[in-house]
Amino acid sequence: MGAKAKAAPTSSSGGKAAKKKKWSKGKVKDKAQHAVVLDKPTYDRILKEVPTFRFISQSILIERLKINGSLARVAIRHLEKEGQIKRIVHHSGQLIYSA
C-alpha cells in the first residue's frame, strides 16, 4: 500500500478563519432627559412656539421642546381648547394638528 498524504485541516468557514466578521456592539442611544413637570418657561415656550409650527403632533412636541409624552398631549389639548390650533386628523394612534 502507498503512503496516504494527509490533508491540511480546514475550518468549516472555508479557510477564512483569520478574516472572521466581528459583530459591532451596536449603537446605544442616550436616555432622553425630557421635562416631566410643566414649569413656567416651558409653558411660555409652548404658547409662543407651537402655534407657529406647520405640523403639530405629540411626537413633534416631544422632539423639539424636550418634554414628556403626557405633557405634549396635555399641551395640545390646551392649545386646541383655546383655539390656537385646529385638528386635521383624528386617529387613535396619532392626533395631527395645524395652526
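One-based numbering along the sequence shown. None of these values were measured; they are calculated from a predicted model.
- Scored by the salt bridge (charged side-chain N to carboxylate O under 4.0 Å, His left out) test, D39 finds no partners at all (sequence neighbours excluded).
- K40 has a carboxylate O that lies under 4.0 Å from a charged side-chain N of D44, or vice versa, which qualifies the two as a salt bridge.
- Nearest heavy-atom pair across Y97 and I76 is CE1-CG2, 3.1 Å.
- A pairwise comparison of heavy atoms in R45 and R64 identifies NH2-O, 3.7 Å as the closest pair.
- With hydrogens and angles disregarded, a donor-acceptor distance shorter than 3.5 Å links the side chain of K86 to the backbone of A99.
- Residues L38 and I62 are members of separate hydrophobic clusters, defined by side-chain heavy-atom contacts under 4.5 angstrom among Ile, Leu, Val, Met, Phe, Trp and Tyr.
- Summarising the geometry of G69 relative to Q58, their closest heavy-atom pair is O-NE2, 3.4 Å, with the distance given to 0.1 Å.
- Between F55 and I60, some side-chain heavy-atom pair lies under the 4.5 Å cut-off.
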| query | Can you check side chain to side chain contact (heavy atoms under 4.5 Å, CB included) on L79 and L47, steps first, answer last? | reply | CA-CA 8 Å; L79 290 171; L47 290 181; 3.7 Å; yes

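- Side-chain atoms of L65 and V50, non-hydrogen and from C-beta on, do get closer than 4.5 Å to each other.
- Under the 4.5 Å side-chain heavy-atom criterion for grouping Ile, Leu, Val, Met, Phe, Trp and Tyr, I96 is connected to I67 within one hydrophobic cluster.
- The list of side-chain hydrogen bond (donor to acceptor under 3.5 Å, both in side chains) pairs with a residue in residues 67-78, not counting sequence neighbours, reads Y43-H78, H78-E82.
- Side-chain heavy atoms closer than 4.5 Å link hydrophobic residues (I, L, V, M, F, W, Y) into clusters, and following such links, even through other members, never connects V74 to I46.
- The shortest distance between side-chain heavy atoms of S59 and Q94 falls below 4.5 Å.
- A distance-only check finds a donor-acceptor pair linking the side chain of K66 to the backbone of E63 [under 3.5 Å].
- With hydrophobic clusters built from ILVMFWY side chains whose heavy atoms lie under 4.5 angstrom apart, I85 shares a cluster with V89.
- L71 and V36 are not part of a single hydrophobic cluster, where members link through side-chain heavy atoms under 4.5 Å apart.
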